[in-house]
Chemist: 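Sharing a structure here in structure tokens format.
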Amino acid sequence: MTVSIIVPCHNESGNLKILHERVSGIMDACGEPWEMVCVNDGSTDDTLLQLIALHQQDPRIHVIDLSRNFGKEAALTAGLDAAQGDAAIPLDADLQDPPELIPALLAQWHDGYDVVNAVRLSREGESWFKRASAHFFYRVINRMSAVDIPADTGDFRLLSRPVLNALQSLPERRRFMKGLFAWVGFRSTNIYYHRAPRHSGKTTWNYWKLWNFAVEGITSFSQVPLQLAAYLGFIVSGLAFIYALWLIISTLVYGNHVKGYPSMMVTLLFLGGVQLMALGVIGEYLGRIYEESKHRPIYLVRHTWKNQQRSNNELNKNKTS
């Protein structure tokens, strides 16, 4: 049974050689047939050249070069689509997720589990704010979503062939993979580990990208923001109605007194802010509908290198469903 290691790569030239050495040593020791599918996601350094060199050195390394940078979720989808194994293991190229954990993942798979999640007990090399925000995000999204997304779990996990087939049947183009891994279900279990710092280079995930990633996850798997906007509208309308009754009663009892300018401006600004916030929430979901309605491919492949041959027949291959 072949095992596919899926490695999305974006400017990871400083990590690829040691990644290959560690993965090949571990997989050869396991005695499992394996392949490593590396997806170059529009890197601007020499990542692609290093991947081609590794492919020429070891034909078990398959290289997919995307036409541009489509983002990690699209690159991961491309790798999973190309996986030929009976199981696939997404693995970051920065070596924060240790390849030495692969035998433990395989052991649980051989015991009959379709999904084996690698849960982080600690996250070395990351700021306190990033760790706290990640911890908060997983708890919030699980409160808001009907799908139980494993907390403190990244893309590093094992997925059996039935799970891969299920993922390939999902039609959405804006993909939150951690949620999709949980949504498809199947029999799952967890193993635990301590996440290491990056081996080389700097992460491209800044706080703005992380915020957008969190919004993507919440809007992909929850309608609670829309419901909250509706509830807030009802609450503000109720308060406005109560305030109107108070004004009528106050006018009848005490006469018509001219109200102050500050209170009027506060009321107008508050109501305007509520309306804009509600429109923003609606716009986020409407934007997702707009993107999905165009039916654009998730990614485009420029070239592939597989089995020591350059596969020109996959030029401009795309994922449409």
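Side chains are part of it too, since the values below use all heavy atoms of this structure and drop only hydrogens, waters and symmetry mates. What you see is a predicted model, and the numbers here were worked out from it, not measured in a lab.
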Chemist: Evaluate the criterion side chain to side chain contact (heavy atoms under 4.5 Å, CB included) for residue pair Q168 and D81; output intermediate values, then yes/no.
Modeler: CA-CA 7 Å; Q168 291 175 359; D81 289 343; 3.4 Å; yes
Chemist: Using side-chain heavy atoms (C-beta onward) and a distance below 4.5 Å, is K72 in contact with D155?
Modeler: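 They are in contact (side-chain heavy atoms under 4.5 Å apart), so the answer is yes.
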Chemist: Heavy atoms only: give me the nearest V184-F181 pair and the separation to one decimal.
Modeler: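 Nearest pair, atom of V184 first, then F181: CG2-O, 3.3 Å.
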Chemist: How far apart are the closest heavy atoms of P99 and P103, and which atoms are they?
Modeler: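 Smallest interatomic distance, heavy atoms only, reads O-CD, 4.0 Å.
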Chemist: Just verifying a value: how many Å separate W109 CH2 and I102 CD1, rounded to the nearest 0.5 Å?
Modeler: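 Answer rounded to 0.5 Å: 12.5 Å.
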Chemist: Considering non-hydrogen atoms only, spot the tightest contact between I6 and G79 and give its length.
Modeler: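 Smallest heavy-atom distance, with atoms named: CD1-O, 3.4 Å.
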Chemist: With clusters defined by side-chain heavy atoms of hydrophobic residues (ILVMFWY) lying less than 4.5 Å apart, directly or transitively, does L49 cluster with L66?
Modeler: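 No, because L66 and L49 fall into different hydrophobic clusters, even though each may have its own neighbours under 4.5 Å.
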Chemist: If I compare all heavy atoms of I298 with all of A74, which pair ends up nearest, and what's the gap?
Modeler: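 Heavy atoms of I298 and A74 come nearest at O-CB, 3.7 Å.
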Chemist: Kindly write out the residues that satisfy side-chain contact (heavy atoms from CB on, under 4.5 Å) with Q108, not counting sequence neighbours, or none if the list is empty.
Modeler: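 By the side-chain contact (heavy atoms from CB on, under 4.5 Å) rule, Q108 matches D111, Y113, V116, T189, I191.
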Chemist: Show, in sequence, the C-alpha distance, side-chain angles and deciding distance for M36 and D58, and conclude whether the side chain to side chain contact (heavy atoms under 4.5 Å, CB included) test is met.
Modeler: CA-CA 10 Å; M36 188 161 71; D58 186 347; over 6 Å; no
Chemist: Grab the two heavy atoms, one from A82 and one from E35, that are nearest each other, plus how far apart they are.
Modeler: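 In terms of heavy atoms, the two residues are closest at O-OE2, 4.4 Å.
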Chemist: Under the side-chain contact (heavy atoms from CB on, under 4.5 Å) test against W305, which residue among L51, L54, L48, I61 passes?
Modeler: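 The residue from L51, L54, L48, I61 that satisfies side-chain contact (heavy atoms from CB on, under 4.5 Å) with W305 turns out to be L48.
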Chemist: How long is the straight-line distance from CG of L16 back to CD of Q50, given to the nearest 0.5 Å?
Modeler: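 Q50 atom CD to L16 atom CG measures 5.5 Å (nearest 0.5 Å).
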Chemist: Applying side-chain contact (heavy atoms from CB on, under 4.5 Å) between N69 and each of D41, N40, T44, report the one that passes.
Modeler: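 Output: one option passes, namely D41.
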Chemist: To the nearest 0.5 angstrom, please state how far the CD atom of E12 sits from the CG atom of D46.
Modeler: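 Here the rounded value is 12.0 Å.
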Chemist: At what distance, to the nearest 0.5 angstrom, does NE2 of H20 lie from CD1 of I5?
Modeler: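 These two atoms lie 11.5 Å from each other.
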Chemist: Return yes if some donor-acceptor pair links the side-chain N/O of N117 with the main-chain N/O of V119 below 3.5 Å, else return no.
Modeler: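 Flag not set: sc N117 to bb V119 has no pair under 3.5 Å.
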Chemist: Under 3.5 Å, side chain of S188 to main-chain N/O of V115, donor-acceptor pair present?
Modeler: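 No; zero donor-acceptor contacts below 3.5 Å.
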Chemist: When you measure from the side chain of T47 to the backbone N and O of S13, does any donor-acceptor pair fall under 3.5 Å?
Modeler: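 Pair found, side chain donor or acceptor close to backbone of S13.
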Chemist: Specify whether F156 and Y193 have parallel, tilted or perpendicular ring planes, treating 30° as the upper limit for parallel and 60° as the lower limit for perpendicular.
Modeler: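 Judged by the thresholds at 30° and 60°, the geometry between F156 and Y193 is perpendicular.
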Chemist: Within the structure provided, determine whether F186 and L159 are in side-chain contact (heavy-atom separation under 4.5 Å).
Modeler: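 No. Closest side-chain heavy atoms not under 4.5 Å.
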Chemist: Check each of I89, I18, L91 against V23 using the side-chain contact (heavy atoms from CB on, under 4.5 Å) test, and report the only one that passes.
Modeler: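 Among the candidates, only L91 passes.
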Chemist: Please report the closest heavy-atom contact between L19 and A93, naming both atoms and the distance.
Modeler: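 The pair with the smallest heavy-atom distance is CD2-CA, 4.0 Å.
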Chemist: Run the side chain to side chain contact (heavy atoms under 4.5 Å, CB included) test on T304 and H62 for me, step by step, so that the C-alpha distance in whole Å, both residues' side-chain angles and the decisive distance to 0.1 Å come before the verdict.
Modeler: CA-CA 7 Å; T304 61; H62 305 159; over 6 Å; no
Chemist: If we only count heavy atoms from C-beta on, is the W183 to L170 side-chain gap below 4.5 Å?
Modeler: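 Yes, at least one pair of side-chain atoms sits under 4.5 Å.
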Chemist: Before you tell me yes or no, could you show the steps for M27 and L106 under side chain to side chain contact (heavy atoms under 4.5 Å, CB included), namely the whole-Å CA-CA distance, both residues' side-chain angles and the distance that decides it to 0.1 Å?
Modeler: CA-CA 10 Å; M27 294 306 299; L106 295 175; 4.3 Å; yes
Chemist: Roughly how far apart are D65 CG and R302 CZ, rounded to 0.5 Å?
Modeler: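 Separation between the atoms: 4.0 Å.
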Chemist: Could you state the interatomic distance from OG1 (T2) to CZ (R60), rounded to the nearest 0.5 Å?
Modeler: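 Result: 11.5 Å between the selected atoms.
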